[in-house]
Number of protein chains: 2
Amino acid sequence: MADRSRPRQAGDAQAPSAAVRHSLRDRVEASVREALLTGRFVPGRAVTLRGLAEELKVSPMPVREAVRALSAGHALEIRANGRIQVPTMTPSRLAELVRARVLLEPELAEAAAAHLGPREAAALAAIDDRIDASLDGGDAETYMRLNHSFHFTIYRAAGSEVLLPLVESLWLQFAPFMRTVYGRVGTSALIDHHKEAIEAVRARDAAALRKAVAADIRCGMDLLDIGLPDAVPSGPG
Amino acid sequence: MADRSRPRQAGDAQAPSAAVRHSLRDRVEASVREALLTGRFVPGRAVTLRGLAEELKVSPMPVREAVRALSAGHALEIRANGRIQVPTMTPSRLAELVRARVLLEPELAEAAAAHLGPREAAALAAIDDRIDASLDGGDAETYMRLNHSFHFTIYRAAGSEVLLPLVESLWLQFAPFMRTVYGRVGTSALIDHHKEAIEAVRARDAAALRKAVAADIRCGMDLLDIGLPDAVPSGPG
DNA sequence: GCCCACATTTTGTGATCACATTTTCATCAA
DNA sequence: TTGATGAAAATGTGATCACAAAATGTGGGC
């Protein structure tokens, strides 16, 4: 699905679990996760077992299990007729996603601060440089991949077994919609608080890191709120 | 798995999704969920596809998908050798579960308050009466089922699509361990804040409901903390 | 031109089989 | 008694097939 011939750089998306596992199922799940996180799977897109299987050159069997796992986290939706699709966004769902992100991610960032230092600050700065480049180039897909890497480079440092999976689930849910908004309003209007976050990591200031992450979430999701009314006809007026 | 011949009462556990679905996979998943939530599946217990299939009188196929879905939410654990088991508890994981519950559930309760009234307060009171009876009888399994019903009768009223599944995931994770603690210290030491919650629902007082739920969580989980050191030899000192 | 009926295709679900790996357990030697 | 060893059983993974339901496309009637 994705061309991996390019040399690995900081900020490249990777499977959340250990890399030693090489079951087809995990490979399929990783592919779909990345497709959702980078916006290649847009809301409403139909996902069929045989279609995905053919695309990934595997039998429908591992696809079934991967899709089932992703549906369990609401990253994919099983409709009443059994068909599978990327979930569509509604105003209330978006509001809830923002609420959940604001509750959980600053918590994770604050807990991560103790495990972050100059080395990680440099890595984050490298990712952020590539983010700026992708924004200038209008490359939404690369931007989304790097933005995910930026946040999860921080979050993973918290060593969380519970909160981190919850946050991953949230990202899988809002990312596809994020992509459609970028396609409509562009990525140039994007303002983030990555610089403040990097500075906070450098200073080992947990409170400042929490604040930067919280601000970053609000800014990013506000953009989605702006893009929502046009996307959902049944919006709240 | 469970005997359903008893007439349906308020507080009986039920599948989270619509009841009209009658695929074997959903039935299997519902069975395992209830087994986890009531503590019939204890931490460390091995779960095999063929074993579960035989127990539920289905082929291994629907079991595979159900287990995959539950593993995605960390309700079951896939070990490095591929075997499936109920996850074991660690002090850090328990602490995280408490943190996540305290963050999310009061939020859900506060949002639910607007949709709850005297009718729901009566239903909650009915469940709480049965809870008291189960505590007197020392029936931990019934207690856990009813306690789950009590909380989710409140939470479901919030009409949440995002937060509710997250909280369901948390319950599936701590419930099996909860059961082992009850088996060790008994259920008689249990103090909850259900009465305050019912009163808050009656008064349509969102802030009071949030407070009652938060207090209830802390009390219940503190008991687990007490039971933890004996359960996990590698505890924190 | 538009709508309904029917045949065809697509799709998810469940079952069964084959296979490699791991676990379990009986056997035997020290 | 203990530890190693090899056979046997158990287990997850992947593939293929059958089937029912739903979607899609097509032709005929108004």
Which of Tyr143(B), Trp171(B), Tyr155(B) passes ring pair (Phe, Tyr, Trp, His ring centres under 6.0 Å) with His148(B)? It is Trp171(B)
When rounded to whole Å, the CG to P distance for the pair Leu24(A) and dT16(D) reads 12 Å
Basic-acidic side-chain contact under 4.0 Å: Arg145(B), Glu34(B): yes
Please state how far atom CG in Leu52(A) lies from atom C1' in dT11(C), giving the value in whole angstrom units. 13 Å
CD of Gln85(A) versus P of dA23(D): gap in Å, rounded? 12 Å
Taking atom types as they are modelled, is there a donor-acceptor pair under 3.5 Å from the base of dG12(D) to the side chain of Arg50(B)? yes
Using whole Å, report how far NZ of Lys57(B) lies from P of dG14(C). 18 Å
Under a 4.5 Å cut-off applied to non-hydrogen side-chain atoms, are Met221(B) and Val102(B) in contact? no
Within the modelled atom types, does a donor on one side and an acceptor on the other bring the side chain of Arg64(B) and the base of dG14(D) under 3.5 Å apart? yes
What is the distance, rounded to the nearest whole Å, between atom CZ of Arg83(B) and atom C1' of dT23(C)? 6 Å
Can you tell me if the side-chain N/O atoms of Asn81(B) get under 4.0 Å from OP1 or OP2 in dT11(D)? no
Calculate the interatomic distance between Ile78(A) atom CD1 and dT13(C) atom C1'; express it in whole Å. 11 Å
Want to settle it: does Ile84(B) or Pro62(A) sit nearer the 5' end of DNA chain D, counting the closest nucleotide to each? Ile84(B)
Spacing of Arg68(B) atom CZ relative to dG14(D) atom C1', expressed in whole Å: 12 Å
Between His74(B), Glu96(B), Arg93(B), which is the residue that forms a side-chain hydrogen bond (donor to acceptor under 3.5 Å, both in side chains) with Gln173(B)? Arg93(B)
